[in-house]
Amino acid sequence: MKNFIVIVLVLFLSISCKKELVKQPAKLIEREKMVDIMYDLSLLEAMRYQKPLSLDSINSDPTKFILQKYKVDSLQFVQNNMYYASDYESYKDMFDEVNKRLAKNQRAADSLAKIDEKKAVKENKNKPKELKEVSKDSVKKSIPKINIDSIKMAQRKNRRQL
């Protein structure tokens, strides 16, 4: 009888743990669309981090633009974000998809940058030598470097001798 009560208690507790913490919002955004929004917002945050002044020149809020692009208002996005975040594994999978897309685009951007560098090197090789060299002054201005540590050492040496 005790074993039966323990088994029933364990089953009851395991079933009660499946309770949803956050209710599904009335206007649920599809998972794929939510991943797209999260991807665009991640790009936006990366832009803000890399070149903060580039986004300051824009009069409107870029986040609002992204939400308008997907025809979602901010409240709907926040509710859906909370809903998806309540299921950790699913939310982690969504961010993994975003990271894969970011990595894919990063590789593409890096390869384009390498191609541009190669083109620039080829163009520099084809230019005449006179254009490559920067005009040189006949009198070279040299500024003597003063090592502060050596001055301090000399002052200490003089003090010790006194």
First locate atom [atom1] of [X], then atom [atom2] of [Y], and finally report the distance between them rounded to the nearest 0.5 Å.
X: Met38; Y: Glu45; atom1: CE; atom2: CD; result: 12.5 Å
X: Arg107; Y: Leu102; atom1: CZ; atom2: CG; result: 11.0 Å
X: Leu41; Y: Asp36; atom1: CG; atom2: CG; result: 11.0 Å
X: Lys118; Y: Lys114; atom1: NZ; atom2: NZ; result: 7.5 Å
X: Leu67; Y: Lys64; atom1: CG; atom2: NZ; result: 10.0 Å
X: Leu43; Y: Ile66; atom1: CG; atom2: CD1; result: 8.0 Å

For residues 69-80, please give each side-chain donor-acceptor pair under 3.5 Å, one per line with the distance, not counting sequence neighbours.
residue: Lys69; atom: NZ; partner: Asp40; partner atom: OD2; Å: 3.1
residue: Tyr70; atom: OH; partner: Asp40; partner atom: OD2; Å: 2.6
residue: Asp73; atom: OD1; partner: Gln76; partner atom: N; Å: 3.0
residue: Gln76; atom: NE2; partner: Lys27; partner atom: O; Å: 3.1
residue: Asn80; atom: OD1; partner: Ile29; partner atom: N; Å: 2.8
residue: Asn80; atom: ND2; partner: Lys27; partner atom: O; Å: 3.1
residue: Asn80; atom: ND2; partner: Gln76; partner atom: O; Å: 2.7

Heavy-atom pair of closest approach, residues Tyr83 and Lys23: CD1-O, 3.7 Å
Taking all atoms of both residues into account, what is the closest heavy-atom pair of Tyr91 and Tyr84, and its distance? CB-O, 3.4 Å
Would you please test Arg101 and Ser42 for side chain to side chain contact (heavy atoms under 4.5 Å, CB included) and show each step? CA-CA 11 Å; Arg101 286 175 63 182; Ser42 296; over 6 Å; no
Under the side chain to side chain donor-acceptor pair (under 3.5 Å) test, residues paired with Thr63 that sit two or more places apart: Arg48
Could I get the full list of salt bridge (Lys or Arg N to Asp or Glu O under 4.0 Å) partners for Lys92, not counting sequence neighbours? Asp96
